[in-house]
Amino acid sequence: MIETVFRVEDVPAPERFERWREMACASHAPAEVHTDHTGNFRAGLRLLGLGPVQAIFFDCLSLRSRRTPRLIRQFDPELYCLSFVLRGDVTVTHGGREAILDTASLTLSTTSRPLQGRIHADGGPARVVDVVLPRRLLPLPEKRVDRLLAMPLSGRAGPGALLAQFLRHLAAESARYRPPDAPRLGNVALDLVSALLAHHLESSLPPEAHRHALLLRVQAFVQRHLGDPDLTPGRIAAAHHISVRSLHRLFQQHGITVAAFIRRQRLERARRDLADPLLRAYPVHAIAARSGFPRPADFTRAFRTVYGTPPRDYRRMVLGDEATGAAGRPSPGDGPPLLLAAGDG
């Protein structure tokens, strides 16, 4: 796990607030940050890299922040941020709504819209956890998700309590995890955030929107588990608490079977990896395995059927004669994230 820790004790007192502000903005997006405690600023910041997801734990005295339209125009990483208040009071004005949060409350924001925030610490530093993730990773309709911006969400019951428990455990036990655990924990965080938002969205959605949201969650689950050769309709259905029959019906409405969808996404992932110059040294059989084809012959046959050429020839055609499938073997975690467009399936 990649962990970055900032302690104000390591910095001269006059520089503490500015150094903390720079690190806090680098973990999210540029913002104007002000405090009345510049001279005696007490704070800490810990950043855990969980693949494409980040968990940021910070303690600070009272402060005010603004992300303005000018700053958004200058740079927008297109992130969602789900904030969980562990101690203190937080006020967020965002997306035409104001949320007043106390301990065990959560709220959603995005770097793509102006935001004003205020953290009030009484009797000691406030403590907040932010789960930061690219907007494109959330397997829910973006326009509907944006309806939840700056909406107070409970961290005491339902999906919110599960996410809160996970974040508390992550904060207390991060030293016990190893680097290979990071992307798995990132998937857990993404699933819990998605479940929380879907829970609040679906309570007011019509049935067809509910089915669409479910389909997007299933598609995202498949994408995250393409490398597992045991990815079956039964496992997918169980992970989403529906019957296998309901899962098949969900895909039949879009003119495709579950098995065909999985196979299509596996082949597309393999095709993209074969065409990626950064994976030039990755053997073809390894790309096949990480895409869910443990038997090279099956992969070659399926790839030729869909793309009209064997995978090795396709790689050579795209990358040139240097693409020889050398024995160099990058880490299985390397490679570009391959995401399914919401309209696929």
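Note that this is a predicted model, so its numbers are computed, not measured.
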If you compare all heavy atoms of G44 against all heavy atoms of W20, which two are closest, and at what distance to 0.1 Å? O-NE1, 3.3 Å
L153 and H200: side chain to side chain contact (heavy atoms under 4.5 Å, CB included), yes or no, with the steps? CA-CA 8 Å; L153 308 173; H200 287 277; 3.8 Å; yes
Can you list every pair that meets salt bridge (charged side-chain N to carboxylate O under 4.0 Å, His left out) and has a residue in residues 21-30, with sequence neighbours left out? E18-R21
Roughly how far, to the nearest 0.5 Å, is the CG atom of L167 from the CG atom of L82? 8.0 Å
For a 4.5 angstrom cut-off between non-hydrogen side-chain atoms, does Q223 reach L226? yes
On a heavy-atom basis, which atom in A275 and which in V318 lie closest, and how many Å separate them? CB-CG1, 3.8 Å
Can you check whether L63's main-chain N or O pairs, donor with acceptor, with R118's side chain at less than 3.5 Å? no
Applying ring-ring contact (aromatic ring centres under 6.0 Å, His included), which residue pairs with at least one partner in residues 69-108 are found, sequence neighbours left out? none
Which heavy-atom pair separates A121 from C60 by the least distance, and what is that distance? CB-O, 3.9 Å
Within the distance-only criterion (no hydrogens, no angle test), does the side chain of S27 pair as donor or acceptor with the backbone N or O of A24 below 3.5 angstrom? yes
Counting distance only, does the side-chain N/O of R280 pair as donor-acceptor with the main-chain N or O of D276 below 3.5 Å? no
Please report the shortest heavy-atom distance between R217 and A198, naming the atom on each side. NH1-CB, 3.6 Å
Nearest-0.5 Å distance that lies between atom CZ in R156 and atom OG in S105: 7.0 Å
Under 30°, 30 to 60°, or over 60°: which ring-plane class applies to F293 and F299, parallel, tilted or perpendicular? tilted
Please lay out, stage by stage, how I119 and F58 fare under the test side chain to side chain contact (heavy atoms under 4.5 Å, CB included). CA-CA 11 Å; I119 295 178; F58 60 91; 3.8 Å; yes
Angle class for the Y177/H169 ring planes (parallel below 30°, perpendicular above 60°, tilted otherwise)? perpendicular
Residues at least two apart in sequence or cross-chain that pass side-chain contact (heavy atoms from CB on, under 4.5 Å) with R224, listed by chain then number, are N187, L190, D191, A220, F221
Hey, could you give me the CG/OG distance between L79 and S109, rounded to the nearest 0.5 Å? 9.5 Å
Residues forming a side chain to side chain donor-acceptor pair (under 3.5 Å) with Q165, sequence neighbours excluded: none
Looking only at side-chain N and O atoms, does R135 offer a donor or acceptor that is under 3.5 Å from a partner on T110? yes
Can you check side chain to side chain contact (heavy atoms under 4.5 Å, CB included) on L45 and F57, steps first, answer last? CA-CA 6 Å; L45 190 149; F57 304 82; over 6 Å; no
Return the CG to OG1 distance between L149 and T107, rounded to the nearest 0.5 Å. 8.0 Å
Under 4.5 Å between side-chain heavy atoms, counting indirect links through other Ile/Leu/Val/Met/Phe/Trp/Tyr residues: same cluster for L215 and V244 or not? no
Ignoring hydrogens and geometry, is there a side-chain-to-backbone donor-acceptor pair from S83 to D130 under 3.5 Å? no
Is any side-chain heavy atom of S65 less than 4.5 Å from a side-chain heavy atom of Q116? no
Is it true that, when you exclude R66 itself, more than 12 heavy atoms of the residues, nucleotides or ligands shown sit nearer than 6.0 Å to its CZ? no
Selection residues 302-311 - residue pairs positive for side-chain hydrogen bond (donor to acceptor under 3.5 Å, both in side chains), sequence neighbours left out: E268-Y307
Under the salt bridge (charged side-chain N to carboxylate O under 4.0 Å, His left out) rule, what pairs show up with a residue in residues 92-117, not counting sequence neighbours? R113-D146
V132 vs V53, side chain to side chain contact (heavy atoms under 4.5 Å, CB included): CA-CA, chis, key distance, verdict: CA-CA 6 Å; V132 179; V53 178; over 6 Å; no
In short, side-chain hydrogen bond (donor to acceptor under 3.5 Å, both in side chains) pairs touching residues 41-54 with sequence neighbours left out are E3-R46, R46-S174
Under 4.5 Å between any side-chain heavy atoms of I56 and V129, yes or no? no
Do L50 and V5 share a hydrophobic cluster (ILVMFWY, side-chain heavy atoms under 4.5 Å, transitive)? no
Heavy-atom side-chain proximity of H248 to P233 below 4.5 angstrom: yes
Roughly how far, to the nearest 0.5 Å, is CG of L201 from CG of L148? 4.5 Å
Partners of P114 by side-chain contact (heavy atoms from CB on, under 4.5 Å), sequence neighbours excluded? P69, I72
Taking side-chain contact (heavy atoms from CB on, under 4.5 Å) as the definition, give me every residue that meets it alongside H34, ordered by chain and number, with sequence neighbours left out. E32, R64
Under 3.5 Å, is there a donor on one side chain and an acceptor on the other for T38 and T35? no
If I take atom CG from residue L250 and atom CZ from residue F261, how far apart are they, to the nearest 0.5 angstrom? 10.5 Å
If hydrophobic clusters are built from ILVMFWY residues whose side chains come within less than 4.5 Å, do I100 and L115 share one? no
Side chain to side chain donor-acceptor pair (under 3.5 Å) partners for R176, two or more places apart: E173
Expected output: side-chain S291 to main-chain I287 donor-acceptor under 3.5 Å: yes
Closest non-hydrogen atom pair between L140 and S194, with its separation: CD1-O, 3.8 Å
Between T111 and C81, is there a side-chain heavy-atom distance shorter than 4.5 Å? no
Which heavy atom in P310 sits nearest to a heavy atom in T300, and how many Å separate them? CB-CG2, 4.4 Å
Minimum side-chain heavy-atom gap Q219-Q265 below 4.5 Å: no
Among all residues two or more places apart in sequence or in another chain, which pass the side-chain contact (heavy atoms from CB on, under 4.5 Å) test with P294? P229
I want to check something: taking the side chain as every heavy atom from C-beta on, are F303 and R271 in contact at a cut-off of under 4.5 Å? yes
Heavy-atom check, side chain of L71 versus side chain of D76, under 4.5 Å: no
Filter on salt bridge (charged side-chain N to carboxylate O under 4.0 Å, His left out), then keep only pairs touching residues 229-250, sequence neighbours left out; what's left? D228-R235
